[in-house]
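First the structure, in the form of structure tokens, and then the observations on it.
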Amino acid sequence: MLVDFKKILDMAEEGGYCIPAFNVYNIETAKGVINAAEKLRAPVIMQVYSRLVTSKVAEDVAPIVLDMAHKATVPVCFHLDHGAGECEVIRSLRMGMTGIMIDASTEDLDGNIKKTKEVVKLCDYVGVGVEGELGHIGKAADGDEKETAEYTRVDEAKKYVEETGVCALAIMVGTAHGRYKKAPVLDIERIREIKKATNVALVLHGGSGVPDEQIISAIKAGIRKMNFSTDLCFSFLDACRERDKNIVGIDLFMTEPIKRVQEFAEMKIEVLGAKGRI
């Protein structure tokens, strides 16, 4: 069943667990995620990166995701990841997305608040919840996860949430996008303090490669949505590269990549405590 962003976050808040958010790119990655959610009876978020909206690839992916979501017997939210601006937000809403992220984290605090507040107002017209980001989450390949000076500040997080009206906040506490040179160390106490100050669902980007024990501690501290993209892509691509080249039927060829994505999604659903919640 297709559900809105706020509803699926409320489920996690009430249950004290975390919703896995998987970036999908085609019918096969979406199918793997849905199969995992159905098998483990878990609510999930399927999201597309802003680049896919800009390039219009999302116009082909969106109907697939929406069809799967409507047919699913578990809650599924369809979300825009790292929305680049108002144009991408409007396009995403027109495509039927039930959750929106606006990423103005490279702006200063006032600029970020201004842009985010405008998107929240826009999305309010159609009842869609918004995720914002405070503290720019960089790339693991650049070692950005080490820059503790750039971590989200508690006082700024409180001001940001109060003035923008977001229902979820992505924070910088030690993660980064991509694959890490070495395992990150999350600032769990900072997560706990931000949660107490803001009382909104907190989001952890760069979930691929974070040790399970740190994920569990982060959830206990207040993380309610966690993003997975890089490792999902590798699960799909590695399976494709390993397939027998003599398999000509594309539907037959894709059975193993779908299975690998499903296995990856199942693993994260269990770690995040979302298994058996439906």
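If you're wondering where the values come from, they're calculated on a predicted model, not measured in any experiment.
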Can you give me the closest heavy-atom contact between [X] and [Y], atom names plus distance?
X      : Y      : value
Ile8   : Val44  : CD1-O, 3.3 Å
Ala84  : Ile102 : C-CD1, 4.3 Å
Gly174 : Tyr151 : CA-OH, 3.2 Å
Pro20  : Ile269 : CG-CG1, 3.8 Å
Gly132 : Val166 : N-CG1, 4.0 Å
Pro257 : Cys240 : CG-SG, 3.6 Å

May I ask you to test the [X]-[Y] pair for a side-chain heavy-atom distance under 4.5 Å?
X      : Y      : answer
Asp110 : Lys159 : yes
Leu109 : Leu134 : yes
Arg260 : Phe236 : no
Met1   : His70  : no
Arg224 : Val203 : no
Pro43  : Ile278 : yes
Leu272 : Ile19  : no
Ser92  : Phe78  : no

- Run the side-chain contact (heavy atoms from CB on, under 4.5 Å) check on Met11 and Tyr17 step by step: do they pass? CA-CA 9 Å; Met11 293 172 60; Tyr17 61 98; 3.7 Å; yes
Might you work through the side-chain hydrogen bond (donor to acceptor under 3.5 Å, both in side chains) test for Thr116 and Tyr160, ending with a clear yes or no? CA-CA 9 Å; Thr116 304; Tyr160 178 88; 2.9 Å; yes
So with a 6.0 Å cut-off around [atom1] of [X], is the heavy-atom count from everything else above 12?
X      : atom1 : answer
Ile27  : CD1   : no
Asn199 : CG    : no
Arg94  : CZ    : no
Lys195 : NZ    : yes

| Among Val33, Ile34, Asn227, which one satisfies side chain to side chain contact (heavy atoms under 4.5 Å, CB included) with Phe22? |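 That would be Val33.
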Apply side-chain contact (heavy atoms from CB on, under 4.5 Å) to residues Ile45 and Val76 and explain how you reach the verdict.
CA-CA 6 Å; Ile45 294 171; Val76 179; over 6 Å; no
[X] with [Y]: basic N within carboxylate O range, under 4.0 Å:
X      : Y      : value
Asp238 : Arg241 : yes
Glu38  : Arg41  : yes
Glu13  : Lys6   : no
Lys117 : Glu163 : no

* **Chi angles and distances behind the side-chain hydrogen bond (donor to acceptor under 3.5 Å, both in side chains) call for Ser229, Tyr25** => CA-CA 10 Å; Ser229 178; Tyr25 301 83; 2.8 Å; yes
Original post:
Any side-chain donor paired with an acceptor under 3.5 Å for Glu131 and His205?
Top reply: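 Yes.
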Is there a donor in the side chain of Asn112 and an acceptor in the side chain of Lys114, or the other way round, less than 3.5 Å apart?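 Result is no, nothing qualifies.
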What's the separation between atom [atom1] in [X] and atom [atom2] in [Y], rounded to the nearest 0.5 Å?
X      : Y      : atom1 : atom2 : value
Ser235 : Gln262 : OG    : CD    : 11.0 Å
Ile194 : Asp187 : CD1   : CG    : 8.0 Å
Cys18  : Leu204 : SG    : CG    : 8.0 Å
Thr230 : Leu237 : OG1   : CG    : 11.0 Å
Met254 : Glu28  : CE    : CD    : 4.5 Å
Leu202 : Ile171 : CG    : CD1   : 4.5 Å

Between [X] and [Y], is there shared hydrophobic-cluster membership here, with clusters defined by ILVMFWY side-chain heavy atoms closer than 4.5 Å?
X      : Y      : result
Val154 : Leu169 : yes
Met101 : Leu122 : no
Val130 : Met95  : yes
Phe253 : Val248 : no
Val173 : Phe228 : yes

- request: Kindly determine whether Glu118 and Lys121 satisfy salt bridge (charged side-chain N to carboxylate O under 4.0 Å, His left out), including the steps that lead there.
  value: CA-CA 5 Å; Glu118 290 170 353; Lys121 181 179 180 181; over 6 Å; no
Checking Glu213 now: which residues fulfil salt bridge (charged side-chain N to carboxylate O under 4.0 Å, His left out) with it, not counting sequence neighbours?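 Listed in chain order: nothing, the list is empty.
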Exercise for review: State which residues pass salt bridge (charged side-chain N to carboxylate O under 4.0 Å, His left out) with Asp155; sequence neighbours excluded, sorted by chain then number.
Suggested key: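 Per chain and number, Asp155 pairs via salt bridge (charged side-chain N to carboxylate O under 4.0 Å, His left out) with Arg153.
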Is there a side-chain hydrogen bond (donor to acceptor under 3.5 Å, both in side chains) between Asp81 and Asn23? Walk through the geometry before answering.
CA-CA 8 Å; Asp81 185 30; Asn23 283 65; 3.2 Å; yes
For Gly273, does its backbone N or O pair with a side-chain atom of Arg277 as donor and acceptor, under 3.5 Å?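 Yes; at least one donor-acceptor contact below 3.5 Å.
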### Message
Evaluate Asn35 against Lys39 for side-chain contact (heavy atoms from CB on, under 4.5 Å), listing each step before the verdict.
### Response
CA-CA 6 Å; Asn35 286 351; Lys39 179 181 176 181; over 6 Å; no
Test side-chain hydrogen bond (donor to acceptor under 3.5 Å, both in side chains) on Thr54 and Glu88; report intermediate values, then the result. CA-CA 7 Å; Thr54 304; Glu88 288 76 11; 3.3 Å; yes
Self-check item: side-chain contact (heavy atoms from CB on, under 4.5 Å) evaluation trace for His79 with Lys225
Solution: CA-CA 12 Å; His79 193 65; Lys225 172 180 180 272; 3.9 Å; yes
